[in-house]
There are 2 protein chains.
Amino acid sequence: MISKKTKYAINALVFLAKRNGEGPIIISEIADKEHIPRKFLESILLNLKKAGILASKKGKGGGYYLLKDPNEINLADVMRLFDGPIAFLPCVTYKYYERCEECKDEETCGIRDVFFEVKKKTVELLKQASLSEIIKRENRLITLL
Amino acid sequence: MISKKTKYAINALVFLAKRNGEGPIIISEIADKEHIPRKFLESILLNLKKAGILASKKGKGGGYYLLKDPNEINLADVMRLFDGPIAFLPCVTYKYYERCEECKDEETCGIRDVFFEVKKKTVELLKQASLSEIIKRENRLITLL
DNA sequence: ATAAAGTCTATAGATCAGGTAGACTATTCT
DNA sequence: AGAATAGTCTACCTGATCTATAGACTTTAT
């Protein structure tokens, strides 16, 4: 399961993507509209800014806005930012690789082989899931109602 | 990431599967060979027994052994037993379904749509990963060396 | 009887998730 | 200049969960 932090981050990003181009949007508005505890959201947005995904403007008329294109922000990146590796085992992650202590031989580990495949497919699907893609799906689901 | 508990459970099960038919194997042997803390392993095996996957025999000559066929024990079931749902969101799980508090409309949620697809594929792959399958993969990896 | 082996109950340290509080800094408008 | 607005930073708290460990108890084979 992803953490609430990640879930809130995704919701906030989709919200900002929908209003992309309208200029800065204040934290309180995002918090209210997306039902996210305000102070908690603060630190989330700060992280997204540090990661180069969002930018902010201080003072009156300020707020947060997307720095990158909605096509280029995907769920895999956001999840990794807040929850760390997506894989089920440390020995099949790319950036956070760690050997399993109790493992006898990684090269011939059947368990690892399975989890590598799972991770590969998962990352593939999550990379495709950009903010634009999410919004596109939402619109498609609405037309199906 | 899966918990150590789940990882240990999988290792113990694969170990037992390899020696299926040899009669009961004592906790200490599994703990030693698989490098699992003995007392921790105890409670894990007890859970697997309660779930109907393992059986045990007390007293001298006792130990644990598989109750089900190695084909019928898969990673999806084991993971669910110890770590709960496999999905990334509570709203796309089957058995543990829960609505996302902050969600406005589940029916048209693009985020949910993506995570549903991810979960579907993941469960599919993990269901195929039976103990027999894991051992088969291990043997194949050995021949490739 | 005795040794072997699983079972049950309790506990403990460490880490982390989720959230709150408040002071501080930068910017804009009048 | 000064008030209002809005993000930034530091610190803290509470409860849950993970990863074990300890020890007494029960069952069984010889």
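To find a chain, count down the sequence lines: A is the first, B the second, and so on, and within it residues start at 1.
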> So, A:Ser130 and A:Asn74: side-chain donor and acceptor under 3.5 Å apart, yes or no?
Replying inline: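 Per modelled atom types, A:Ser130 and A:Asn74 side chains form no pair under 3.5 Å.
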Is it true that [X] and [Y] have a side-chain N and a carboxylate O under 4.0 angstrom from each other?
X: B:Lys104; Y: A:Glu34; answer: yes
X: A:Glu117; Y: B:Arg137; answer: yes
X: A:Lys18; Y: A:Glu138; answer: yes
X: B:Asp113; Y: A:Arg140; answer: no

Can you tell me the distance, in whole Å, between the [atom1] atom of [X] and the [atom2] atom of [N]?
X: A:Leu48; N: D:dG7; atom1: CG; atom2: P; value: 14 Å
X: A:Leu54; N: D:dT8; atom1: CG; atom2: P; value: 10 Å
X: A:Leu67; N: D:dG7; atom1: CG; atom2: C1'; value: 16 Å
X: A:Asn47; N: C:dG18; atom1: CG; atom2: C1'; value: 14 Å
X: B:Ile2; N: D:dT19; atom1: CD1; atom2: C1'; value: 15 Å
X: A:Lys50; N: D:dG7; atom1: NZ; atom2: P; value: 17 Å

>> Taking side-chain contact (heavy atoms from CB on, under 4.5 Å) as the definition, give me every residue that meets it alongside A:Lys33, ordered by chain and number, with sequence neighbours left out.
In response: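 Checked A:Lys33 against side-chain contact (heavy atoms from CB on, under 4.5 Å); matches are A:Phe15, A:Arg19, A:Glu29.
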>> Taking side-chain contact (heavy atoms from CB on, under 4.5 Å) as the definition, give me every residue that meets it alongside A:Ala12, ordered by chain and number, with sequence neighbours left out.
In response: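 Checked A:Ala12 against side-chain contact (heavy atoms from CB on, under 4.5 Å); matches are A:Ile30, A:Leu41, A:Leu45.
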>> Do A:Phe82 and A:Leu75 sit in one hydrophobic cluster, given that two such residues count as connected whenever their side-chain heavy atoms are within less than 4.5 Å of each other, even indirectly?
In response: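 Yes, one cluster joins them.
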>> Each nucleotide in nucleotides 24-30 of chain C should get exactly one letter: B, S or -. Can you fill that in based on protein heavy atoms under 4.0 Å?
In response: --SBSS-
>> Within residues 4-15 of chain B, which residues have any heavy atom lying less than 4.0 Å from an atom of DNA chain D?
In response: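 Nucleic-acid contacts, sorted: B:Lys4, B:Lys5, B:Tyr8.
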> To the nearest 0.5 Å, what is the distance between CD1 (B:Ile36) and CG (B:Asp32)?
Replying inline: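 Going from the CD1 atom of B:Ile36 to the CG atom of B:Asp32 covers 10.0 Å.
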> Reckon B:Lys49 touches a base, only the sugar-phosphate, or nothing at all at heavy-atom distances under 4.0 Å?
Replying inline: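 Sugar-phosphate only.
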> Can you list the residues that meet the ring-ring contact (aromatic ring centres under 6.0 Å, His included) rule with B:Phe40, with sequence neighbours excluded?
Replying inline: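 Checked B:Phe40 against ring-ring contact (aromatic ring centres under 6.0 Å, His included); matches are B:Tyr8.
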> For A:Ile73, which of A:Val14, A:Leu66, A:Ile10, A:Leu16 qualifies under side chain to side chain contact (heavy atoms under 4.5 Å, CB included)?
Replying inline: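 Option passing the side chain to side chain contact (heavy atoms under 4.5 Å, CB included) with A:Ile73: A:Leu66.
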> Tell me, which of residues 23-45 of chain A have any heavy atom that sits under 4.0 Å from an atom in DNA chain C?
Replying inline: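 Hits under 4.0 Å, by residue number: A:Pro37, A:Lys39, A:Phe40.
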>> Check this one for me: any side-chain N or O of A:Ser3 less than 4.0 Å away from OP1 or OP2 of C:dC16?
In response: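 Checking A:Ser3 against C:dC16: no side-chain N or O falls below 4.0 Å of OP1 or OP2.
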